[in-house]
2 protein chains.
Amino acid sequence: MAPIVSIVGRSGSGKTTLLEKVISELKRRGYRVGVIKHDAHGFEIDHEGKDSWRHKKAGAVTVALSSPDKFAVIKDVKAEWGPERIISSYLSDVDVVVTEGFKQSGFPKIEVVRKANSVTPVCSKDRRLMAYVTDVKLKTKLPVLRLGDYRGVARLIEKEIIRKAEPASIHLTVDGKTIALKPFIENLIKDGVTGMIKSLKGCSGAREIEIKIKK
Amino acid sequence: MAPIVSIVGRSGSGKTTLLEKVISELKRRGYRVGVIKHDAHGFEIDHEGKDSWRHKKAGAVTVALSSPDKFAVIKDVKAEWGPERIISSYLSDVDVVVTEGFKQSGFPKIEVVRKANSVTPVCSKDRRLMAYVTDVKLKTKLPVLRLGDYRGVARLIEKEIIRKAEPASIHLTVDGKTIALKPFIENLIKDGVTGMIKSLKGCSGAREIEIKIKK
């Protein structure tokens, strides 16, 4: 699974702006970046009156839009999907996933604290907090980057998140839930499945295998 | 894989309107409907200035939006994805996929011919053409439904497409391509994988298994 890091901070601290600049900088450094934007209150996407909007409105549970250079999908879900599920199903082709919020998650985090907004961090007790980005003098043992140092943030993500990520060679989902695998089981499944597949026509050099089984 | 049917016809024949009504009717009949909208000239989605729009603009290759009742993803692709790939990756949870266009595809098709637009069909020689929906008197051995009979079209799709679909129990993708499996191989992989998985903690009653392996 692609490694993930979340930009956290109070509302109005400047998370979106920082994220935007960090994305550009990571891209400039040659990484494929994915983003998850969580919206507890729902979101509006697509334009009223467009075909895809009309089809969704008519009752389609999923609408996919496909063009030579862009692909999009909009779907109804019964309960919010966890980031792990989103990454394994929809963001498997990126080097890193950056996101905003997910304060309660167990992901590594970088917190933005902006004086004009508030001087007290919200995630100071979080063990996964990696650094602060701030214009406030904070008492902390963590690295502190100055507000606006998006290059420094990108470098930190590159060093601590991207380079340290284990190449996830296998990902197993059962009934929508990610199953954690011990190395022995991981190898057993990997070798077993690869063995079955590689003898099929045109599959000897397989680099990415995906199997879906429904009962 | 969910079965697919395409509404074809000349530009301006009324495909989108028919599709919209057919979606509503299929939903009313209890089916989960997915739609693929193909756009050769690209499409605009998302709203300028929104966070997700800003992140995509900043250079993210994929942006996912997640809320308690809706999920969306927008991604860059290097070449247009085929409908099979879209269905297996993004529309695996629907009963039927309806689409517009894909005239050249090998999918079953229903053609709309509207007098005010043109009196000559475009897919008359297509062996997968199932029926016409028209206000023109056509010489054909195929079923002809009158323009506006969206209930009839939904019934036809229900009878010929949804009910006749084989429950796709296994779907294998290797390096992004769908691999056709003979029944023997299909069972071998299905039983082999299910056997490996079901002994894992919490997986004994697995109904949907998804494995991704990357080399």
Side-chain angles (χ1 to χ4, degrees), chain A residues 16 20 23-24 27 32-39 42-43 45-46 51-52 54-55 58-68 70-77 80-81 86 90-91 94 169-175 179 189-190 192 196 200 203 206-215, chain B residues 16 20 23-24 27 32-39 42-43 45-46 51-52 54-55 58-68 70-75 77 80-81 86 90-91 94 169-175 179 189-190 192-193 196 200 203 206-215:
Chain A
T16 306
E20 196 174 33
I23 292 166
S24 289
K27 188 191 173 182
R32 292 172 58 82
V33 183
V35 176
I36 301 177
K37 165 82 187 160
H38 157 75
D39 205 324
F43 56 84
I45 199 168
D46 212 353
D51 289 0
S52 48
R54 287 170 62 185
H55 297 329
V61 289
T62 306
V63 174
L65 292 99
S66 178
S67 82
K70 205 153 58 164
F71 175 78
V73 73
I74 306 168
K75 67 192 296 154
D76 295 336
V77 293
E80 183 152 359
W81 286 10
I86 296 173
Y90 294 88
L91 293 160
V94 300
S169 57
I170 182 161
H171 191 266
L172 171 67
T173 315
V174 171
D175 298 333
I179 306 295
I189 297 177
K190 195 171 66 180
M196 282 190 253
L200 299 177
C203 300
R207 298 198 62 77
E208 278 190 49
I209 300 170
E210 203 180 313
I211 299 178
K212 289 187 183 187
I213 298 175
K214 257 194 187 178
K215 282 205 183 161
Chain B
T16 305
E20 196 174 33
I23 292 166
S24 289
K27 189 192 173 183
R32 291 173 58 83
V33 183
V35 176
I36 301 176
K37 165 83 188 161
H38 156 76
D39 205 326
F43 56 84
I45 198 167
D46 213 352
D51 289 1
S52 48
R54 287 170 62 185
H55 298 328
V61 287
T62 306
V63 175
L65 292 99
S66 178
S67 82
K70 206 153 59 166
F71 175 79
V73 73
I74 306 169
K75 66 192 297 154
V77 293
E80 183 153 359
W81 286 9
I86 295 173
Y90 293 87
L91 293 160
V94 299
S169 56
I170 181 160
H171 191 265
L172 171 67
T173 315
V174 172
D175 297 333
I179 306 296
I189 297 177
K190 195 171 66 179
V193 171
M196 283 190 251
L200 299 176
C203 301
R207 299 198 60 78
E208 278 190 49
I209 300 170
E210 204 180 311
I211 299 178
K212 289 186 184 189
I213 298 175
K214 255 194 191 179
K215 284 208 181 162

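Numbered from 1 within each chain, the chains take letters A, B, ... in sequence-line order. As the structure is a prediction and not an experimental result, all values here were calculated from the model.
- For B:Val174, the parts sitting under 4.5 Å from any heavy atom of chain A are the backbone and the side chain alike.
- Here the straight-line distance linking atom NE2 of B:His171 with atom NZ of A:Lys214 works out to 11.5 Å at 0.5 Å rounding.
- Only the side chain of A:Val94 has a heavy atom closer than 4.5 Å to any heavy atom of chain B.
- In the displayed structure, B:Lys190 atom NZ is contacted under 6.0 Å by more than 12 heavy atoms of other residues, nucleotides or ligands.
- Contact of the A:Thr16 side chain with the B:His55 side chain is registered, since non-hydrogen atoms from C-beta on lie closer than 4.5 Å.
- Distance alone, capped at 3.5 Å, is enough to place a donor-acceptor pair between the A:Ser24 side chain and the B:Ala58 backbone.
- Between A:Ile209 and B:Leu172 there is a side-chain heavy-atom pair separated by less than 4.5 Å.
- Expressed to the nearest 0.5 Å, how far NZ of A:Lys75 lies from CZ of B:Arg32 amounts to 7.5 Å.
- Between chain B and the options A:Val61, A:Leu200, A:Asp175, A:Ile86, heavy-atom pairs under 4.5 Å are most frequent for A:Asp175.
- Using a 4.5 Å cut-off between heavy atoms, B:Ile179 touches chain A through its side chain atoms alone.
- When each of B:Leu91, B:Ile36, B:Val33 is tested with A:Thr62 by the rule side-chain contact (heavy atoms from CB on, under 4.5 Å), just one qualifies, namely B:Leu91.
- Taken to the nearest 0.5 Å, the CD1 atom of B:Ile213 stands 10.5 Å off from the CD atom of A:Glu210.
- The distance from the CG atom of B:Leu65 to the CD1 atom of A:Ile74 is 9.5 Å, given to the nearest 0.5 Å.
- With chain B as partner, the option from A:Gly59, A:Ala64, A:Cys203 having the largest number of non-hydrogen pairs under 4.5 angstrom is A:Ala64.
- Both the backbone and the side chain of B:Ile23 come within less than 4.5 Å of a heavy atom in chain A.
- A donor-acceptor pair is defined here as one N or O able to donate and one able to accept, closer than 3.5 Å; no such pair exists between the side chain of A:Asp76 and the backbone of B:Lys70.
- Among all heavy-atom pairs drawn from B:Met196 and A:Ile189, the shortest one is SD-CA, 3.6 Å.
- Here the closest non-hydrogen pair linking A:Ala60 and B:Val35 is CB-CG2, 3.7 Å.
- Heavy-atom pairs under 4.5 Å with chain A peak, among B:Gly192, B:Gly34, B:Ala206, at B:Ala206.
- Going from atom OG of A:Ser66 over to atom NZ of B:Lys37 covers 11.5 Å, rounded to the nearest 0.5 Å.
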